[in-house]
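Scroll down for the structure; my scribbles are underneath it.
Everything numeric here is computed off the predicted structure, so don't read it as measured data. The first residue in the sequence is number 1, and the count goes up from there.
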Amino acid sequence: MVNVQIARGAECITVAVEAGTTLLAAIQASGLSFPFPCGGNGRCGKCRVMAEGALSPITEPERRWLSQEGEAPNSRMACYARAEGNCRLRIAERAADAIVENGYIPWHGDLEPMYSEGYGAALDLGTTTVAAQLFRAGEKRPIAALGELNRQQSYGGDVISRIACCNERTVEPLSVLIRAQLGDMLNRLSRQADVPASEIRQLVITGNTTMLYILFGIEPAPLATAPFRMEQGFGGSFDAGIPGFEGLPCWVPGCASAYIGADMVCSVLASGMCKSSGNLLLVDAGTNGEMALSAKGALRCCSTAAGPALEGAGLSCGGNASPGAIDSVRLENGAFAYTTIGNAAAGSLCGSGLIDAAAALLEAGYLHSSGKLQTPDGGDFFIGGSRVYLSQRDLRQLQLAKAAIRAGMDTLIHESGLRYEDLDGILLCGGFGSRLRPSSAERIGLIPPGFSEKTMAIGNAAGNGAGQILQSAAKRREAQRIARQMEPVSLSASPYFQERYLASMRFPDCVRRSSAPLCGRAAQDLSPRRYR
């Protein structure tokens, strides 16, 4: 055995590992939060650490990553470097807490909380972010809220990499990690509201199906392999086994399928779209892009793997929506201007800033419709004179993400026998959607032409829905009806989805005014008759 000393800020932890263990595995064993977007498969280049001691020699693949990042003394990639003997490494300071955009949605109905005294908490387990809210029995609005990056990012940035990790190591390490995080967050919530943690009497936990499987220690492999079986659909009371809160009653809303989780059920509930007479499309454009279409009395839904780029992960300067993240970019009088969250110094780029930056690059002629970055000096694009930049690889990641989301939207419309002209509006939910400028989303082709003025952000709808379920028996029954009503649309074998995915990789050649209807090739491509 060899000792690996890991430092982050003022923290310093020493772990004993077998000689030849990767630094990535040593960091995971330490329990310190550190993102590995690709799950340690050597594809993202985001696991750079400062290391010294008895380390394996630098291989050529690792050297290529280090040269891309700008090689510095003692820099190593944690997924490549191995501890051959005692060594020391320093990892980046823990990312700032996520900014939780609750976007509280008022709801009608009597308060009838699931608990008779004390407090209740609603938790939303996102693949990238975990959000928590604390409620009093007699109030509809939360009295405290907070968000954190999901600590499971140490095992990959998306559900596929997390499932792969569970297949290799079993679900236990990831389950222990997320339970500990929820315990820490519940304690922080109680301190924020200045109430004893012991007075939290009821939980409602929502999330996508994979995140819920991992939380409850259920091996998620069947969710990722045909026929994509969902052996546990939830929709009832469970013991989450959260440290310090063992035995606390916990309600988990039902999931619609292996890839349509309780989070989408809660989002649909909070949006009120099922009670509307119009045709509405709800989109959660996160790492696991989920969407639901309420039209013609039916509720159809689908999910597509968009990857973490839209939430700022996996980018050269990417980050979550936290202070210092560039959240908007504009082209003004031939110059690029930007704003940051909290007006702090620019240190990273979150998803909404990424969309804005791409739209501004298109307007300036620095980005070709094929996705080719064409800066005057032929290099990376530095935003508004800051040190935050976009690379060609970052823009390719954006193309993949927006193509997956847009193709999912197109397919859902197609499968419902509709055209976009029949749609009354698009609802964007999740932290990404809260800050997104619809005009930029339309400019890059994430939403269809003509919909920038018909698109509305509704904040963390999944968290809102979980809070409604916590505070209302009627809302809990409504959520159960929604889960039963949902008709999953499979995209994996759809030729229409595949065609739309390839077509959506390109950026629009020209700007169409928001009132312009679909016409010509665009209208033809989206015709519901093409695959009939």
- Of all heavy-atom pairs linking Leu212 and Cys255, the shortest is CD1-SG, 3.9 Å
- Message: Can you confirm whether Leu189 sits close enough to Tyr119 that some side-chain heavy atom of one is under 4.5 Å from a side-chain heavy atom of the other?
- Response: no
- Closest heavy-atom pair, Arg179 versus Gly241, reported as atoms and distance to 0.1 Å, is CD-O, 3.7 Å
- Query: Would you say Leu125 and Asp263 make side-chain contact, with heavy atoms under 4.5 Å?
  - Reply: no
- Donor-acceptor pair, side chain of Gln480 and main chain of Gly235, under 3.5 angstrom: no
- Are the side chain of Ser271 and the backbone of Met273 linked by a donor-acceptor contact shorter than 3.5 Å? yes
What side-chain donor-acceptor pairs closer than 3.5 Å can you find for residues 290-300, not counting sequence neighbours?
| residue | atom | partner | partner atom | Å |
| --- | --- | --- | --- | --- |
| Glu290 | OE2 | Asn288 | ND2 | 3.4 |

- Note on the structure: The reported gap from CZ in Arg191 to CG in Leu186 (rounded to nearest 0.5 angstrom) is 10.5 Å
- Note on the structure: Closest heavy-atom pair, Phe451 versus Glu442, reported as atoms and distance to 0.1 Å, is N-OE1, 3.5 Å
- Item | Side chain to side chain, Ser267 and Thr206, heavy atoms closer than 4.5 Å | no
- Side-chain donor/acceptor of Lys475 to backbone N/O of Gly465, under 3.5 Å: no
- Message: Just verifying a value: how many Å separate Gln471 CD and Gln133 CD, rounded to the nearest 0.5 Å?
- Response: 10.0 Å
- Under 6.0 Å from the CZ atom of Arg330, do we count more than 12 heavy atoms belonging to anything else shown? no
- Under the side-chain contact (heavy atoms from CB on, under 4.5 Å) rule, what do Tyr501 and Leu400 come out as? Steps first, then yes or no, please. CA-CA 9 Å; Tyr501 178 77; Leu400 293 170; 3.2 Å; yes
- Task: Look only at the side chain of Tyr213 and the backbone of Gln232, and say whether a donor-acceptor pair between them is shorter than 3.5 Å.
- Result: yes
- Query: Side chains of Asp356 and Ser328: is there a donor and an acceptor less than 3.5 Å apart?
  - Reply: no
- Query: Tell me, do Leu310 and Leu398 make a side-chain contact under 4.5 Å, heavy atoms counted?
  - Reply: yes
- Is there a donor-acceptor contact under 3.5 Å from the side chain of Glu219 to the main chain of Val171? yes
- Message: Show, in sequence, the C-alpha distance, side-chain angles and deciding distance for Ile355 and Arg437, and conclude whether the side-chain contact (heavy atoms from CB on, under 4.5 Å) test is met.
- Response: CA-CA 8 Å; Ile355 300 296; Arg437 278 200 297 163; over 6 Å; no
- Message: Restricting to non-hydrogen atoms, name the atom on Cys266 and the atom on Pro253 that form the minimum distance, rounded to 0.1 Å.
- Response: SG-CG, 3.8 Å
- Message: If we count only N and O atoms by modelled type, under 3.5 Å, do the side chains of Asn187 and Ser190 hold a donor and an acceptor together?
- Response: no
- Item | Under 3.5 Å donor-acceptor, Asn150 side chain and Gln153 backbone | no
- Item | Polar side-chain atom of Thr340 near backbone of Ala325 as donor-acceptor pair, under 3.5 Å | no
- Item | Whether Glu246 side chain and Gly244 backbone form a donor-acceptor pair below 3.5 Å | yes
- Task: Looking only at non-hydrogen atoms, find the nearest pair between Gly384 and Tyr338 and report the distance.
- Result: O-CE2, 3.6 Å
- Query: Side chains of Arg406 and Pro448: closer than 4.5 Å at any heavy-atom pair?
  - Reply: yes
- Message: Checking Ser472 against Asp110: is there a side-chain donor and acceptor pair closer than 3.5 Å?
- Response: no
- Main-chain N/O of Gly156 paired with Arg162 side-chain donor or acceptor, under 3.5 Å: yes
- Would you find a donor on one side and an acceptor on the other, under 3.5 Å apart, between the side chain of Gln28 and the backbone of Ser154? yes
- Is the shortest heavy-atom distance from the side chain of Val195 to the side chain of Arg136 under 4.5 Å? no
- Which residues satisfy the ring-ring contact (aromatic ring centres under 6.0 Å, His included) test with Phe216, sequence neighbours excluded? Phe234, Phe238
- Query: How long is the gap from CE on Met264 to CG on Leu282, to the nearest 0.5 Å?
  - Reply: 5.0 Å
- Can you tell me how far CG of Leu280 sits from NZ of Lys275, rounded to the nearest 0.5 angstrom? 14.0 Å
- Task: Mind checking the CG-CG spacing from Asn208 to Asp124? Nearest 0.5 Å is all I need.
- Result: 9.0 Å
- Message: Could you check whether any side-chain heavy atom of Ile6 comes within less than 4.5 Å of a side-chain heavy atom of Val49, counting everything from C-beta outward?
- Response: no
- Item | Stepwise side-chain contact (heavy atoms from CB on, under 4.5 Å) test for Met211 and Gln152 | CA-CA 10 Å; Met211 291 298 100; Gln152 293 174 355; 3.5 Å; yes
- Item | Minimum heavy-atom distance Tyr259-Ser303, with the two atoms named | O-CB, 3.1 Å
- Message: Does either side chain, that of Asp410 or that of Tyr420, offer a donor lying less than 3.5 Å from an acceptor on the other one?
- Response: yes
- Note on the structure: Between the CE atom in Met230 and the CD1 atom in Ile218, the distance rounded to the nearest 0.5 Å is 11.0 Å
- Item | Leu349/Asp394 under side-chain contact (heavy atoms from CB on, under 4.5 Å): CA gap, chis, key distance, verdict | CA-CA 11 Å; Leu349 181 70; Asp394 296 335; over 6 Å; no
- Query: Below 4.0 angstrom, N of the basic side chain to O of the carboxylate: do Asp184 and Arg188 qualify?
  - Reply: no
- Query: Do Leu174 and Cys165 come close enough that some side-chain heavy atom pair is under 4.5 Å?
  - Reply: yes
